[in-house]
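The next block holds one structure in the form of structure tokens; read it before the comments.
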Amino acid sequence: QLQLVESGGGLVQPGGSLRLSCAASGLTLEYYAIGWFRQAPGKEREGVSCISSGDDMTVYADSVVGRFTISRDNAKNTVYLQMNSLKPEDTAVYYCAAGIIGRLIPGDYDYWGQGTQVTVSS
């Protein structure tokens with residue numbers, strides 16, 4: 001059964017850090033572009049970061065540049081999103097997705113996880 005599962009979300013104070021994980025079953029993530037997206041209440045889903053297959057080129061939304069880092073561990077079939085210097089405006093449900101083209105466009109991705117909640121609050 002093909003499945004993406006996010007984990008690592010939670011409640012963190014402003015300035016804190018979290019590492020999100022996206023683990024896969026039924027597909028080998030190294031052959032896919034992987035994107036991280038987020039959706040806050042009342043807002044559209046937005047792209048946060050993505051990593052391409054093959055050359056592992058990374059892309060970041062302007063709002064997270066210098067704070068978030070996307071990476072792969074092919075041996076664990078897992079992609080990570082390290083989030084540092086978190087801000088209240090980073091609060092959202094975070095989703096990982098797998099696709100062929102590595103852009104920050106939700107429509108590019110074929111497979112989605114169920115999401116993990118990230119709340120940044122004091």
Side-chain angles (χ1 to χ4, degrees):
Q1 182 178 357
L2 197 151
Q3 193 174 17
L4 296 177
V5 178
E6 302 94 338
S7 61
L11 173 63
V12 63
Q13 292 186 341
S17 298
L18 286 173
R19 189 178 77 159
L20 304 184
S21 299
C22 174
S25 59
L27 74 165
T28 303
L29 292 186
E30 77 175 290
Y31 301 133
Y32 290 85
I34 305 300
W36 282 98
F37 295 82
R38 66 187 181 187
Q39 189 165 19
K43 295 188 177 181
E44 292 186 354
R45 190 169 297 189
E46 64 170 346
V48 174
S49 181
C50 60
I51 184 168
S52 63
S53 63
D55 60 4
D56 284 351
M57 186 176 68
T58 57
V59 177
Y60 296 93
D62 289 344
S63 59
V64 306
V65 168
R67 301 189 298 123
F68 290 11
T69 303
I70 190 170
S71 62
R72 294 180 183 268
D73 185 334
N74 292 332
K76 295 183 178 180
N77 204 26
T78 300
V79 173
Y80 302 100
L81 184 69
Q82 177 66 44
M83 305 187 297
N84 299 327
S85 301
L86 283 161
K87 305 175 181 180
E89 51 264 42
D90 294 317
T91 296
V93 177
Y94 283 71
Y95 301 88
C96 68
I100 302 301
I101 301 172
R103 299 182 300 181
L104 293 179
I105 301 174
D108 280 358
Y109 295 84
D110 301 307
Y111 309 107
W112 289 82
Q114 82 291 345
T116 185
Q117 177 70 47
V118 171
T119 302
V120 185
S121 175
S122 55

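Quick caveat: nothing in here was measured; it's all calculated off a predicted structure. Any value given below was found using the heavy atoms of this structure, including those in side chains, with hydrogens, waters and symmetry copies removed.
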Any donor-acceptor pair under 3.5 Å linking the side chain of [X] with the backbone of [Y]?
{"X": "D73", "Y": "T78", "answer": "no"}
{"X": "E6", "Y": "Q114", "answer": "yes"}
{"X": "T91", "Y": "V120", "answer": "yes"}
{"X": "N77", "Y": "L27", "answer": "yes"}
{"X": "S52", "Y": "M57", "answer": "yes"}

Report the relative orientation of the aromatic rings in F68 and Y94; use parallel for angles under 30°, tilted for 30 to 60°, perpendicular for over 60°.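 Tilted: the ring planes of F68 and Y94 meet at 30° to 60°.
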Between atom [atom1] of [X] and atom [atom2] of [Y], what is the distance when rounded to the nearest 0.5 Å?
{"X": "Q117", "Y": "L11", "atom1": "CD", "atom2": "CG", "answer": "9.5 Å"}
{"X": "T58", "Y": "I51", "atom1": "OG1", "atom2": "CD1", "answer": "6.5 Å"}
{"X": "L20", "Y": "M83", "atom1": "CG", "atom2": "CE", "answer": "3.5 Å"}
{"X": "L18", "Y": "Q82", "atom1": "CG", "atom2": "CD", "answer": "8.5 Å"}

Do [X] and [Y] share a hydrophobic cluster, counting only Ile, Leu, Val, Met, Phe, Trp and Tyr and linking them when any side-chain heavy atoms are less than 4.5 Å apart?
{"X": "V93", "Y": "Y111", "answer": "no"}
{"X": "Y80", "Y": "V64", "answer": "no"}
{"X": "V48", "Y": "I34", "answer": "yes"}
{"X": "L86", "Y": "I70", "answer": "yes"}
{"X": "V5", "Y": "L2", "answer": "no"}

4.5 Å side-chain heavy-atom contact, [X] and [Y]:
{"X": "D110", "Y": "Y32", "value": "no"}
{"X": "Y31", "Y": "S53", "value": "no"}
{"X": "R38", "Y": "S63", "value": "yes"}
{"X": "Q1", "Y": "S25", "value": "no"}

Pairing residues for R19 by the salt bridge (Lys or Arg N to Asp or Glu O under 4.0 Å) criterion, not counting sequence neighbours: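 For R19 there are no salt bridge (Lys or Arg N to Asp or Glu O under 4.0 Å) partners, ignoring immediate neighbours.
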So, using salt bridge (Lys or Arg N to Asp or Glu O under 4.0 Å) as the criterion, who are the partners of D108 when residues are at least two apart?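 By the salt bridge (Lys or Arg N to Asp or Glu O under 4.0 Å) rule, D108 matches R103.
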Shortest non-hydrogen separation from [X] to [Y] and the atoms involved:
{"X": "G35", "Y": "C50", "answer": "CA-CB, 3.9 Å"}
{"X": "L4", "Y": "A24", "answer": "CD2-CB, 3.7 Å"}
{"X": "R67", "Y": "S85", "answer": "NH1-O, 2.9 Å"}
{"X": "P14", "Y": "S121", "answer": "CD-C, 3.6 Å"}
{"X": "L81", "Y": "S49", "answer": "CD1-CB, 4.1 Å"}
{"X": "A33", "Y": "I100", "answer": "CB-O, 3.9 Å"}

How about CD on E44, more than 12 heavy atoms from neighbouring residues, nucleotides or ligands closer than 6.0 Å, or not?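 At most 12 heavy atoms, drawn from other residues, nucleotides or ligands, come within 6.0 Å of this atom.
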Could you go through the side-chain contact (heavy atoms from CB on, under 4.5 Å) check for L104 and Y60 one step at a time? CA-CA 8 Å; L104 293 179; Y60 296 93; over 6 Å; no
Under the ring pair (Phe, Tyr, Trp, His ring centres under 6.0 Å) test, which residues partner F37, sequence neighbours left out?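 Ring pair (Phe, Tyr, Trp, His ring centres under 6.0 Å) list for F37, sorted by chain: Y109, W112.
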